[in-house]
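Before any comments, here is the structure.
What's counted below: heavy atoms across the whole structure, side chains too, no hydrogens, waters or symmetry copies.
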Amino acid sequence: MGELAANDRPINEYVDKLRSERRVSIPYIAPTYGGVDAQLLTLMQDPGPKTDLANADGSGMICLENVDLSAARQKFFLDEAGIRISEIVSWNAYPWPKPHPQTDSSDREAAESLRGFLMLTPNIQVVILNGTVAKRIWRALKEIDPACVSGISWHPTFHTSERAVNPAQKSSEYIANGHNDLSNKYAAAARQLHSA
């Protein structure tokens, strides 16, 4: 546990800094991840309800063991691709609850926070961009600081959220396409990760 704590401590200290600056709830990352030693980043959208301690079953962490479908689906694709949890770290494009609407200014703030996160995780080789918001913030970071993301491969795909597979909101074709794309992108990330 001590080694895991050492791996996640710098990131969770960064979370404390962001919390203090913004005065909002921001989840920690779970100690089960690779933390600062991770090679793969799964970039999500913004904190889900189960990352908030104020909610029922809330863990206070970005964690694959959270009791929600998004975490369960992400774990499924990681397992299917043969990616170990210790190889990855997850982060949110908006580490805090995303504003409505999002603006160029709010996207830039989110991108700046992502840059701070990447400075703490120098071994990241591959990023999986889960959903529209993650893709947009990654593009914003590339514009702000191209050097920060140089050498990192990225795989844009769908979000793993429950909304993406809700048949009342999405067609069966959309759900199937999303599942296949997620499966393919996680597999591609695994091949890249394990080819070295």
Side-chain angles (χ1 to χ4, degrees), residues 1 3-12 15 26-52 57-95 114 117-118 120-135 137-138 149 151-166 170 174-196:
M1 183 69 178
E3 183 182 342
L4 289 173
N7 287 352
D8 68 23
R9 186 178 300 119
I11 297 172
N12 288 333
V15 170
I26 299 172
Y28 291 120
I29 63 156
T32 48
Y33 289 125
V36 296
D37 297 326
Q39 298 166 292
L40 170 66
L41 167 62
T42 57
L43 189 64
M44 310 307 279
Q45 177 176 276
D46 70 333
K50 296 302 181 183
T51 65
D52 191 339
D57 296 327
S59 67
M61 293 186 291
I62 302 172
C63 181
L64 291 173
E65 285 71 43
N66 282 340
V67 186
D68 64 34
L69 187 57
S70 184
R73 292 186 73 224
Q74 188 184 15
K75 190 169 189 316
F76 169 85
F77 292 114
L78 288 165
D79 289 345
E80 181 185 55
I83 300 170
R84 297 184 306 276
I85 295 176
S86 61
E87 295 179 285
I88 79 159
V89 67
S90 285
W91 187 249
N92 287 304
Y94 272 87
L114 177 56
F117 173 85
L118 288 173
L120 298 172
T121 52
N123 298 320
I124 296 293
Q125 302 169 23
V126 188
V127 177
I128 299 176
L129 304 172
N130 290 272
T132 304
V133 175
K135 295 172 197 173
I137 300 308
W138 187 258
V149 299
I152 300 176
S153 300
W154 62 91
H155 298 277
T157 188
F158 289 75
H159 200 294
T160 60
S161 75
E162 186 172 356
R163 289 189 302 278
V165 292
N166 184 339
K170 305 292 183 185
Y174 179 94
I175 293 169
N177 287 343
H179 182 91
N180 290 337
D181 193 68
L182 279 157
S183 183
N184 290 336
K185 296 298 173 58
Y186 274 74
R191 285 194 298 273
Q192 217 171 328
L193 205 60
H194 299 147
S195 65

Point to revise | Pair Thr42-Thr160, side chain to side chain contact (heavy atoms under 4.5 Å, CB included): steps then yes or no | key: CA-CA 11 Å; Thr42 57; Thr160 60; over 6 Å; no
Exercise for review: Establish, from distance only, whether the side-chain atoms of Ser161 and Gln45 form a donor-acceptor pair under 3.5 Å.
Suggested key: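 Distance-only check fails for Ser161 and Gln45.
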Review point. Are a donor atom and an acceptor atom from the side chains of Tyr186 and Asp79 found within less than 3.5 Å of each other?
Key: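 Distance-only check fails for Tyr186 and Asp79.
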**Study point:** Worked verdict on Ile85 versus Tyr33 for side chain to side chain contact (heavy atoms under 4.5 Å, CB included)
**Key:** CA-CA 5 Å; Ile85 295 176; Tyr33 289 125; 3.9 Å; yes
Exercise for review: Specify the closest pair of heavy atoms between Glu87 and Gly82, including all atoms of both residues, with the distance to one decimal.
Suggested key: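 Minimum heavy-atom contact is OE1-O, 4.2 Å.
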Practice item. Please report the closest heavy-atom contact between Ile62 and Ser90, naming both atoms and the distance. Key: CG2-CB, 3.6 Å
Under 3.5 Å donor-acceptor, [X] side chain and [Y] backbone:
X: Asp181; Y: Asn177; answer: no
X: Lys135; Y: Thr157; answer: yes
X: Lys170; Y: Arg163; answer: no
X: Asn12; Y: Ile29; answer: yes

Going by heavy atoms in the side chains, are [X] and [Y] under 4.5 Å from each other?
X: Asn92; Y: Ile26; answer: no
X: Leu43; Y: Leu114; answer: yes
X: Asn130; Y: Met44; answer: yes
X: Thr32; Y: Leu64; answer: no

Exercise for review: Determine, using ring centers only, whether Tyr174 and Phe158 are less than 6.0 Å apart.
Suggested key: yes
Review point. For atom CD of Glu80, is the number of surrounding heavy atoms from other residues, nucleotides or ligands below 6.0 Å larger than 12?
Key: yes
Review point. NE2/His194 to CZ/Arg84 distance, rounded to the nearest 0.5 angstrom?
Key: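 His194 NE2 to Arg84 CZ: 5.5 Å, rounded to 0.5 Å.
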**Study point:** side chain to side chain contact (heavy atoms under 4.5 Å, CB included) assessment of Ile83 paired with Leu40
**Key:** CA-CA 9 Å; Ile83 300 170; Leu40 170 66; 3.8 Å; yes
Check your understanding: Which is it for Ile124 and Trp91 under the side chain to side chain contact (heavy atoms under 4.5 Å, CB included) test, yes or no, and what are the steps along the way?
Key -> CA-CA 12 Å; Ile124 296 293; Trp91 187 249; over 6 Å; no
